[in-house]
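Nothing fancy with the numbering, it's 1 onward along the sequence. Only heavy atoms go into these numbers, but all of them, side chains included; no hydrogens, no water, no symmetry mates.
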Amino acid sequence: MENVDEIIIRFYKANIELSELVDEKYAGNWENLRLNDDKQASQFRDIMEYAISDFHQATSGGKLFQVTNDFVKLYERLNEITENYFRKANIEGLINHIEEDWGWKTDEGYVDDHGFMDGFKIFFSLPNYGPDAWIKRSLLIRGARISPTITKFPKNIESAFKEVCSCFIYGHFIAACALSRSVLEFCLKEKYNLNDTQLPLKEII
């Protein structure tokens, strides 16, 4: 489990420093700020963008993570910023463009194929193919925030939860539902020391 406190601190520290710079050099007028012309401001902005990317990686895809109680409000706000930041993310059109461009170049003999076109065909025929939908569902499902008081977490539950999230992201919804049932059962057995029982989930509940 990753503690994302450092990422949160990095983002807000750069945010505060950028605000102070705008107050000092531009009298608080953000409209006068031109990142391309102000190297220091651009560096602060880059730090914030890298922090947003790291935050998303640490808190999505079924990962388990922790946030110190004092930073929960900051985490919630950064979570909103991250979702808005990546909301317009898309890649499917770019992939199609690359495939078409490479196909034209190989057909005309400008480049050797090296098996890339076959790779594209396999990629496009994958079950539930849809990169943009994968991105949107990865923003929707995220990860699970675990209490900072928990120092150890059962690996079987963590692995199963990651698989649930992966199934959902890649459009295997029936499998996600079935695995979610298993995760619930694992959690209840762990919580109430029932790991040796053969009781069905309904009875455990």
So for atom CZ, which belongs to F123, do other residues, nucleotides or ligands contribute more than 12 heavy atoms lying within a distance under 6.0 Å?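 Yes.
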Neighbour count >12 (heavy atoms, 6.0 Å) for atom CD1, I174: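 Not more than 12 within 6.0 Å, no.
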Please report, to 0.1 Å, the donor-acceptor pairs under 3.5 Å made by any side chain of residues 175-183, with sequence neighbours excluded.
unit_1	atom_1	unit_2	atom_2	d
S180	OG	A176	O	2.7

Inter-residue atom distance [X].[atom1] - [Y].[atom2], 0.5 Å rounding:
X: R87; Y: N84; atom1: CZ; atom2: CG; answer: 5.0 Å
X: K73; Y: E76; atom1: NZ; atom2: CD; answer: 5.0 Å
X: L21; Y: Q40; atom1: CG; atom2: CD; answer: 5.0 Å
X: M48; Y: N15; atom1: CE; atom2: CG; answer: 4.0 Å

Between the side chain of D112 and the main-chain N/O of H114, is any donor-acceptor distance below 3.5 Å?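 Between the backbone of H114 and the side chain of D112 there is no qualifying donor-acceptor contact (under 3.5 Å).
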Identify each donor-acceptor pair in which a side-chain atom of residues 130-140 lies under 3.5 Å from a protein atom, sequence neighbours left out, and give them as a table.
unit_1	atom_1	unit_2	atom_2	d
D132	OD1	I91	N	2.7
D132	OD1	E92	N	3.1
W134	NE1	N128	O	3.2
R137	NE	F168	O	2.9
R137	NE	I169	O	2.9
R137	NH2	I169	O	3.0
S138	OG	I135	O	2.7

On a heavy-atom basis, which atom in [X] and which in [Y] lie closest, and how many Å separate them?
X: V67; Y: V72; answer: CG1-N, 4.1 Å
X: A51; Y: F11; answer: CB-CB, 3.8 Å
X: A58; Y: E2; answer: CB-OE1, 3.5 Å
X: I150; Y: M1; answer: O-CE, 4.1 Å

Quick check on the hydrophobic clustering: are [X] and [Y] connected, directly or via other members, by side-chain heavy-atom contacts under 4.5 Å?
X: V111; Y: I98; value: yes
X: L184; Y: L64; value: no
X: I81; Y: Y50; value: no
X: V164; Y: Y170; value: no
X: Y12; Y: V22; value: yes

Show me the donor-acceptor pairs, under 3.5 Å and distance only, between side chains in residues 101-109 and residues at least two apart or in other chains.
unit_1	atom_1	unit_2	atom_2	d
D101	OD2	K105	NZ	3.3
W102	NE1	D113	OD1	3.4
T106	OG1	W102	O	3.1
T106	OG1	G103	O	2.9

Are F55 and F65 near enough that their ring centres are under 6.0 Å apart?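 F55 vs F65: aromatic centres not under 6.0 Å.
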Tell me which pairs pass side-chain hydrogen bond (donor to acceptor under 3.5 Å, both in side chains) where either residue lies in residues 141-150, with sequence neighbours left out.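 Sorted result for residues 141-150: T59-R142, N79-R142, S147-T149.
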Parallel, tilted or perpendicular: which describes the rings of F120 and F124, with under 30° parallel and over 60° perpendicular?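 Answer is parallel, since the angle falls under 30°.
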If you look only at distance, which donor and acceptor atoms sit under 3.5 Å apart when one is on a side chain in residues 188-205 and the other is two or more places apart or in another chain?
unit_1	atom_1	unit_2	atom_2	d
K189	NZ	E185	OE2	3.1
T197	OG1	L199	N	3.1

Taking side-chain hydrogen bond (donor to acceptor under 3.5 Å, both in side chains) as the definition, give me every residue that meets it alongside D54, ordered by chain and number, with sequence neighbours left out.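 In terms of side-chain hydrogen bond (donor to acceptor under 3.5 Å, both in side chains), with neighbours along the sequence ignored, D54 is linked to R10.
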